[in-house]
Amino acid sequence: MYKTHGCGDLRAEHVGQRVELAGWVNRRRDHGGLTFVDLRDRSGVVQTVSNPELSQEAHAIAEQVRSEWVLHIVGEVRVRPEGMANPNLPTGEVEVEIQELEVLNQAKTPPFKINEESEVDEMVRLKYRYLDLRRERMQRNLELRYNVIKFIRDELGQRGFWEIETPILFKATPEGARDYLVPSRLYPGEAYALPQSPQQLKQLLMVAGVERYFQIARCFRDEDQRGDRQPEFTQLDIEMSFVEREDVMELLEGVYSSLIEKLFPGRPVSVVPWPRLTYQESMDRFGSDRPDLRFGMELVNITDLAEGSGFKIFEGAVEAGGEVRGINCVGCGHFSRREIDELTEMIKPFGAKGLAYLALQESGEPRSSFAKFLPSDRLDAVIKRLDANPGDLLLFVAGERDIVLESLSRLRAHLGERLELYDPDALSFCWVIDFPLVQWDAEGQRWDPSHHLFTAPMPEDLSLLDSDPGKARGLQYDLVLNGEETAGGSIRIHDRGLQEKIFELIGLDLDTARERFGHMLTAFEYGTPPHGGVASGLDRLCMILAKEPNIREVIAFPKNQAARDVMAGAPSEIEPKQLEELHLRIVE
RNA sequence: GGGGGUGUGGUGUAGCGGCCUAACACGCUGCCCUGUCAAGGCAGAGAUCGCGGGUUCGAAUCCCGUCAUCCCCGCCA
């Protein structure tokens with residue numbers, strides 16, 4: 001070993017000890033005679049001092065040293081002279097007096113500063129990711145992620161789960177996201193697919209009698225990027241036999257609650273059991289199936305008050321079968337016309353024609369785009385229903401239900417952040433349940449599973465599958481954290497007949513279904529236990545726990561927006577020889 | 001596939017028709033300096049203003065195209 005201690009671990013208790021340190025030069029302060037070298041390793045930073053009176057040889061080297069050089073130092077830990085302690089440094093009470101100094105490696109001047117949290121263009125960071133990861137923020141994130149995963153492994157182990165690996169080379173499933181394909185060398189024209197999730201395999205593990213399975217599983221989806229989406233990502237995959245919906249939800253909230261209690265003590269977190277909202281309720285109150293429960297500002301339906309109100313825009317929306325809903329931005333009555341116009345522009349992309357506003361003044365008439373059209377008793381009823389007081393700003397959207405909900409939901413999320421309506425440390429969980437099993441896909445003219453095609457319908461809704469499939473609910477649950485979808489799961493179908501019925505409903509003919517999922521159907525005939533599970537996006541979870549704005553900040557080597565690895569330059573051109581082996585030809 | 005933002009020394013920014021022979025901070029190089037810790041002092045190097053075309057007497061600045069990058073929509077069972 002090159003070191004006896006971590007740089008950041010040295011304290012007053014080590015005074016007098018001879019220590020060996022190894023690490024990077026964080027900063028050098030050369031006073032000519034005396035030279036200070038702040039040495040950094042994973043554990044932190046400690047000040048080392050080179051004094052020519054102690055070692056002429058070491059001092060000559062210390063004068064040559066530059067940022068990010070890799071050093072090996074032998075020296076003695078000393079208390080700093082009176083008044084020289086640095087309270088900003090955990091190791092600030094001591095310093096290491098250099099006796100021997102060895103340069104293990106020199107370093108070019110890095111393209112950006114490693115020793116401070118300066119803003120750097122992300123392309124440059126990704127190109128030199130190994131340097132970016134050397135910075136404190138990234139080291140913190142890497143450690144946080146490790147701690148989260150370690151905790152989950154330990155916790156699930158204690159709860160009787162086995163961690164089982166499933167194949168990365170598996171079979172394409174044209175339903176769902178686009179697959180990443182791996183062409184087969186041995187079988188011309190055939191390909192493996194990388195898993196979008198280990199869904200089928202974990203269900204087959206239940207058939208296999210595993211009963212309690214989990215995996216920290218890498219998943220692959222060839223779709224376009226977002227700030228919270230990467231082409232490959234990691235999910236906590238769980239499956240359990242002989243359970244009902246509530247059992248799976250209780251398990252995950254138990255694991256995550258204790259995780260936060262242990263690793264993030266002091267952060268405000270939802271109390272178990274976490275709120276359970278039906279899909280209907282969530283849409284009705286928040287306009288979204290992933291409601292951010294860190295703050296209120298719920299959507300209020302005033303459709304009945306809008307009907308025949310005298311305001312043509314409201315009336316028209318109601319007559320066309322639409323709705324009128326509003327939110328109360330408490331204390332925002334001072335918003336300027338321009339600010340309200342900006343909010344209006346914000347929701348137009350979602351189909352909203354406009355934004356009606358009513359700003360209640362502390363005194364005098366309200367400022368409003370529509371109040372003058374409404375009889376005063378109607379106006380009072382509206383104000384009362386939104387629980388509004390002088391100084392508040394009420395915002396309304398009228399139109400088709402979907403548009404109203406989406407617009408106000410976006411507006412609510414935007415205002416919640418802008419007005420700082422919540423504690424940035426808060427971790428607000430909730431479950432959304434009772435999703436529709438299938439949704440009508442107008443483009444494809446067919447029913448689409450809202451979760452996936454193995455989700456069991458609610459038993460009491462079974463008959464609806466024939467009469468009114470859109471009304472049938474699934475035994476499904478989504479976990480939402482601070483308005484972000486963090487996990488999703490369901491009780492699965494374990495009956496071949498029902499599974500085939502679902503295939504049929506979503507327009508998979510029996511031959512195709514058997515070709516793609518024959519192994520599942522066959523397995524269901526050999527004594528399949530009732531089972532269900534959940535999958536949780538760990539990158540996203542870590543992103544929120546680390547309070548990072550972007551999923552790339554918690555992934556060691558992420559792809560950029562265009563799905564490229566800019567450090568290694570992947571994807572890259574294929575050698576003709578490889579193409580030939582794989583029986584492939586490039587079509588321009 | 002579509003919409004929007006951004007591209008100026010190594011990094012972060014300023015400049016947004018002529019005062020630009022491109023400014024500032026940090027970093028970098030050299031010299032000085034024995035108690036600094038964002039060390040300090042002095043001196044210095046470093047930019048064809050993403051690329052191509054156009055408008056103009058004159059373009060970092062305006063226009064068009066293109067590339068890169070980020071955000072969003074579509075997509076993500």
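Separating the P atom of G52(B) from that of C76(B) is a span of 41 Å, rounded to the nearest Å. For the P atoms, the distance from U56(B) to G12(B) is 36 Å, rounded to whole Å. When the C1' atom is compared between C33(B) and A39(B), the two are found 11 Å apart, to the nearest whole Å. Rounded to whole Å, the separation between the P atoms of G35(B) and G40(B) comes to 15 Å. Between C31(B) and G50(B), the distance separating the two C1' atoms is 38 Å to the nearest Å. Remark: the separation of the C1' atoms in A60(B) and C16(B) is 8 Å, to the nearest Å. To the nearest whole angstrom, the two P atoms, one in C42(B) and one in A25(B), are 12 Å apart. On the C1' atoms, U66(B) is 13 Å away from G7(B), given to the nearest whole Å.
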Do nucleotides 25-31 of chain B as a string where each nucleotide becomes B, S or -: B if the base has a protein heavy atom under 4.0 Å, S if just the sugar-phosphate does, - if no protein is that close. -BSSSS-
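A donor-acceptor pair is defined here as one N or O able to donate and one able to accept, closer than 3.5 Å; no such pair exists between the side chain of D222(A) and the backbone of Y180(A).
Atom CE in M123(A) sits about 16 Å away from atom C1' in C71(B), given to the nearest Å. Rounded to whole angstrom, the span from the NZ atom of K127(A) across to the C1' atom of U69(B) amounts to 14 Å. Distance, D38(A) CG to G35(B) P: 17 Å, rounded to whole Å. The distance from atom NZ of K108(A) to atom P of U11(B) is 13 Å, rounded to the nearest whole Å.
Distances shown here put every side-chain N or O of N51(A) at or beyond 4.0 Å from the OP1 or OP2 atom of U34(B). A close approach under 4.0 Å does occur between a side-chain nitrogen or oxygen of N550(A) and OP1 or OP2 of C71(B). The side chain of R29(A) contributes no N or O atom lying less than 4.0 Å from OP1 or OP2 of U36(B). For U69(B), the OP1/OP2 oxygens have no side-chain nitrogen or oxygen of R564(A) closer than 4.0 Å.
As judged by a 4.0 angstrom heavy-atom cut-off over every strand, P111(A) is placed among residues touching the sugar-phosphate backbone only. Note on E406(A): nothing from the nucleic acid sits closer than 4.0 angstrom, heavy atoms only. Within 4.0 Å (heavy atoms only), D121(A) reaches sugar-phosphate atoms of the nucleic acid but no base atom. Across all strands, R135(A) comes closer than 4.0 Å to no nucleic acid atom at all (heavy-atom distances). Within the 4.0 angstrom heavy-atom criterion, base atoms lie near D30(A). Using a 4.0 Å heavy-atom criterion, one finds that Q561(A) contacts the bases of the nucleic acid, with or without backbone contacts as well. When heavy atoms are screened at a 4.0 angstrom cut-off, M84(A) is found touching base atoms of the nucleic acid. Nucleic acid contact class of Q196(A) (heavy atoms, under 4.0 Å, all strands): none. Counting non-hydrogen atoms under 4.0 angstrom, R552(A) reaches the backbone sugars and phosphates but no base.
For R78(A) and G35(B), a side-chain-to-base donor-acceptor distance below 3.5 Å is present, hydrogens and geometry of angles not being considered. At a cut-off of 3.5 angstrom, counting only N and O atoms as typed in the model, there is no donor on one side facing an acceptor on the other between the side-chain of E82(A) and the base of G35(B). One can find a donor-acceptor pair under 3.5 Å joining the base of C37(B) and the side-chain atoms of R80(A).
Side chains of R11(A) and H5(A): a donor-acceptor N/O pair is absent below 3.5 angstrom, by distance only. There is a side-chain donor-acceptor pair under 3.5 Å between N141(A) and E548(A).
In this pair, F36(A) lays its aromatic ring flat on the base of U36(B), centres within 5.5 Å and planes under 30 degrees apart.
Residue W447(A) forms a side-chain contact (heavy atoms from CB on, under 4.5 Å) with just one option from D441(A), V438(A), I502(A), and that option is V438(A).
Salt bridge absent: R290(A) and E485(A) never bring a charged side-chain N and a carboxylate O closer than 4.0 Å.
A residue-by-residue look at H452(A) and K559(A) shows that K559(A) has its nearest nucleotide of RNA chain B further toward the 5' end.
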